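We use all heavy atoms of the structure for the numbers below, so side chains are in, but hydrogens, waters and symmetry mates are not. All residue numbers in this chain count up from 1 along the given sequence. Being a predicted model, the structure only gives us computed values, none of them experimental. Both ligands and their constituent atoms are indexed starting at 1 by order of listing.
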Amino acid sequence: MVNGEKASSELVACAEPQVIPRSEHSISRKHFSPNAIKVLYRLKDGGYDAYLVGGCIRDILLGVEPKDFDVVTNATPEQIKKLFRNCRLIGRRFRLAHIVFGREIIEVATMRGHHEASADKNQTSQSSEHGQLLRDNVYGSIEEDAERRDFSINALYYSIKDFTIHDFANGMDAIANRKIELIGDPETRYREDPVRMLRAVRFATKLDMEIAQPTKDPIYELSELLSHIPAARLFEETLKLFLNGKAQENYHLLREFGLFKQLFPALDDIIENSETGFETKFIAQMFANTDKRINAEKKVTPAFVYAALLWFPLLKRSEQLQKENMPLFDAYAQAMNHVLSENAQHVAVPKRFTLGARDIWHIQLRLDKRAGQRAYRLSQQPRFKAAYDFLLLRVESGEQEQADLAQWWTEYLQQDVNGQKDMVKGLGHGDSNKPRRRFRRKPKKKPSES
Ligand code: ATP
Ligand code: MG
């Protein structure tokens with residue numbers, strides 16, 4: 001609908017919300033976590049307004065199980081802290097209260113207001129030269145809070161007072177039409193927080209929705225703004241994009257919008273200039289496997305995903321160094337350091353995962369060295385299974401040269417100890433398979449024999 005598109009391009013949260021009475025919506029308290037209900041009532045009984053907002057309301061309306069329950073209130077963080085013994089105040093950019101119930105945390109935010117100068121010096125907001133919001137601790141009314149949210153589907157408020165839903169930005173229509181649309185002027189909203197571009201992609205695939213044209217159009221131009229976002233925050237966002245069961249779709253959309261380039265520029269460049277298309281096949285296959293595992297509730301290690309994302313930049317760098325006459329192992333080791341530190345400028349992968357990625361890469365070089373005790377010892381390494389899966393991925397996406405090796409390891413892992421020994425004995429005597437000859441000392445002659 002042409003008019004609908006126009007309306008959404010100028011979507012501004014209205015001061016007067018649509019209030020949907022309990023009898024006209026499907027959300028009931030039985031959908032909520034009991035701890036979220038406790039928090040809502042404690043705030044209400046303390047004399048404050050309290051609402052559930054954002055992802056949980058959106059997801060319940062769509063029949064998806066919410067990941068967590070976010071509460072918003074007109075109580076300040078200090079007032080919240082007074083009401084709950086199990087409360088921690090966190091955050092600088094956004095000050096928030098966490099109410100802790102064992103493993104479940106209910107996040108309680110104070111309603112945010114506009115970030116123009118505030119009279120109260122304790123309430124601060126700050127923008128960068130690119131229009132990016134650096135700090136956002138100005139409190140305000142529920143109407144203002146709604147305008148500050150990213151997408152209309154995320155600006156629905158469920159009131160604990162009378163069980164009504166307050167819809168400030170036509171979020172109910174957007175849910176019905178399955179549209180991701182930013183509230184307000186899209187360019188301004190992306191400039192305030194460029195991560196919203198990644199969130200648009202994530203919600204579109206997670207909820208199987210379409211990004212409305214006016215929300216989609218500026219992304220191509222503005223993707224570069226992601227370079228101003230701290231690499232640690234981008235790491236968190238990539239985890240959400242790649243470990244939520246929709247990685248393959250997210251990858252394709254990120255590539256289409258030019259967002260992938262901002263996150264993994266070295267890989268993006270290789271993919272763009274690939275003559276065979278092998279690299280993109282490998283990455284797409286890796287994400288397809290990751291999605292399959294997540295959707296089957298199997299474990300996925302982020303180390304594997306980042307090892308795969310940096311694999312081609314690693315090989316490229318290693319080849320360059322070998323051309324400069326560096327021996328293979330040295331070149332490979334130096335290339336690892338290089339790609340990891342280059343990547344850390346964009347996406348700061350924590351050390352616990354880069355260590356895992358290094359192990360997976362190291363083992364790739366050693367998989368064909370199987371003679372003597374080597375195959376056994378390699379198979380006992382903590383990261384061996386991931387490295388073996390990595391080899392399978394290489395073959396699966398077309399690296400035929402490794403097919404025999406992968407087949408060998410697959411059989412090896414199915415054998416008992418004797419079967420494994422036989423397999424090692426059965427190896428040919430190519431260089432890489434020769435057992436390392438130890439220097440054998442001559443047995444000392446007994447003095448009596450001399
Ligand atoms: P999910 O938890 O499924 O990832 P969510 O919508 O709950 O989705 P959160 O990151 O938990 O996402 O954020 C909670 C709510 O806070 C959002 O629904 C949205 O209203 C608001 N929000 C989060 N991030 C932003 C942002 N960058 N800009 C504006 N509003 C945001
Ligand atoms: Mg959430």
Side-chain angles (χ1 to χ4, degrees), residues 11 13 17 31-33 35-36 39 51-73 90-91 93-98 104-115 125 127 131-138 140 142-158 165-169 171 174-175 180-209 215 219 222 225-226 228-230 233-234 236-246 250:
L11 197 70
H31 292 112
F32 306 150
S33 111
N35 292 327
V39 170
Y51 301 84
L52 276 171
V53 65
C56 58
I57 301 303
R58 173 200 74 209
D59 289 351
I60 296 169
L61 287 170
L62 287 164
V64 175
E65 190 171 343
K67 226 171 56 189
D68 45 32
F69 292 88
D70 295 321
V71 172
V72 69
T73 176
I90 60 146
R93 194 168 160 275
F94 291 102
R95 278 193 85 210
L96 292 172
H98 274 179
E104 189 181 17
I105 293 178
I106 306 294
E107 198 167 277
V108 184
T110 306
M111 291 163 186
R112 293 291 189 282
H114 289 291
H115 35 85
S125 90
S127 303
Q132 191 184 322
L133 272 179
L134 300 178
R135 210 172 280 187
D136 196 6
N137 283 320
V138 177
I142 186 169
E143 290 80 6
E144 289 170 320
D145 188 87
E147 269 180 57
R148 307 294 329 287
R149 294 190 176 262
D150 47 7
F151 304 105
S152 59
I153 55 169
N154 287 347
L156 294 165
Y157 295 70
Y158 172 95
I165 291 180
H166 296 233
D167 178 358
F168 292 88
I175 285 193
I180 309 285
E181 47 190 16
L182 274 168
I183 297 170
D185 170 56
E187 179 167 343
T188 311
R189 303 308 311 281
Y190 286 139
R191 285 190 181 281
E192 279 174 3
D193 184 3
V195 166
R196 289 172 186 152
M197 294 185 273
L198 300 177
R199 289 172 60 85
V201 168
R202 181 157 62 84
F203 291 131
T205 60
K206 170 178 164 160
L207 306 169
D208 194 17
M209 287 189 172
T215 296
I219 300 183
L222 300 178
L225 292 173
L226 281 180
H228 305 298
I229 301 296
R233 186 166 176 222
L234 290 183
E236 295 295 330
E237 292 301 321
T238 58
L239 262 195
K240 290 186 200 166
L241 284 158
F242 298 150
L243 294 180
N244 72 348
K246 295 281 184 175
N250 286 333

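The ligand atoms of ligand 1 that sit less than 4.0 angstrom from a heavy atom of Arg148 are 29 (C), 30 (N). Atoms of ligand 1 lying under 4.0 Å from any heavy atom of Gly54, numbered from 1 in the order shown and given with element: 18 (O). With ligand atoms numbered from 1 in the order given, ligand 1 contributes 7 (O), 11 (O), 14 (C) to contacts under 4.0 Å with heavy atoms of Asp70. Interface of Asp193 with ligand 1, defined as ligand atoms under 4.0 Å from a residue heavy atom, comprises 26 (C), 27 (N). Residue contact check: Arg202 has heavy atoms under 4.0 Å from atoms 4 (O) of ligand 1.
With Arg189 contributing its side chain and Arg149 its backbone, the two residues share a donor-acceptor pair below 3.5 Å. Tyr157 contributes no side-chain N or O that, together with a main-chain N or O of Ile57, makes up a donor-acceptor pair within less than 3.5 Å. The main-chain N or O of Asn250 is never found under 3.5 Å from a side-chain atom of Arg202 such that the two would form a donor-acceptor pair. Between the side chain of Arg148 and the main chain of Gly113, a donor-acceptor pair closer than 3.5 Å is present.
For the ligand labelled ligand 1, residue Phe151 lies outside the 4.0 Å heavy-atom shell. Heavy-atom separations between Glu107 and ligand 1 are all 4.0 Å or longer. Note on ligand 1: Arg189 sits outside its first shell, no heavy atom being nearer than 4.0 Å.
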Item checked: Stepwise side chain to side chain contact (heavy atoms under 4.5 Å, CB included) test for Asn35 and Phe69 -> CA-CA 9 Å; Asn35 292 327; Phe69 292 88; over 6 Å; no
Next item on the list: Evaluate the criterion side chain to side chain contact (heavy atoms under 4.5 Å, CB included) for residue pair Phe168 and Ile142; output intermediate values, then yes/no.
Entry: CA-CA 9 Å; Phe168 292 88; Ile142 186 169; 3.8 Å; yes
Next item on the list: Could you go through the side chain to side chain contact (heavy atoms under 4.5 Å, CB included) check for Asp59 and Leu207 one step at a time?
Entry: CA-CA 8 Å; Asp59 289 351; Leu207 306 169; 3.7 Å; yes
Item checked: Check against salt bridge (Lys or Arg N to Asp or Glu O under 4.0 Å), Arg233 and Glu236 -> CA-CA 5 Å; Arg233 186 166 176 222; Glu236 295 295 330; over 6 Å; no
Item checked: side-chain hydrogen bond (donor to acceptor under 3.5 Å, both in side chains) assessment of Arg58 paired with Asn154 -> CA-CA 6 Å; Arg58 173 200 74 209; Asn154 287 347; 2.8 Å; yes
Checklist line | Worked verdict on Asp193 versus Asp150 for side chain to side chain contact (heavy atoms under 4.5 Å, CB included) | finding: CA-CA 9 Å; Asp193 184 3; Asp150 47 7; over 6 Å; no
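With a cut-off of 2.8 Å, the protein N/O/S atoms near the Mg ion (ligand 2) add up to 1.
Evaluation of the ring pair (Phe, Tyr, Trp, His ring centres under 6.0 Å) rule for His228 yields His130 as partners, not counting sequence neighbours.
At under 3.5 Å, a nitrogen or oxygen of Asp150, whether backbone or side chain, sits near a nitrogen or oxygen of ligand 1.
Atom CD1 of residue Ile180 and atom CZ of residue Arg199 lie 10.5 Å apart, to the nearest 0.5 angstrom.
A salt bridge between Lys240 and Glu237 is present, with a side-chain N of the basic residue lying under 4.0 Å from a carboxylate O of the acidic one.
Selection from Arg199, Arg58, Lys206, Glu236 by nearest heavy atom to atom 23 (C) of ligand 1 gives Arg199. Around atom 2 (O) of ligand 1, the closest heavy atom drawn from Lys67, Arg112, Lys240 belongs to Lys67.
Nearest non-hydrogen protein atom to atom 16 (O) of ligand 1 is Arg149 NH1, 3.3 Å. Of all protein heavy atoms, the one lying nearest to atom 28 (N) of ligand 1 is Arg196 NE, 2.8 Å.
When non-hydrogen atoms are compared, ligand 1 lies under 4.0 Å from the side chain of Asp68 (C-beta onward) but not from its backbone.
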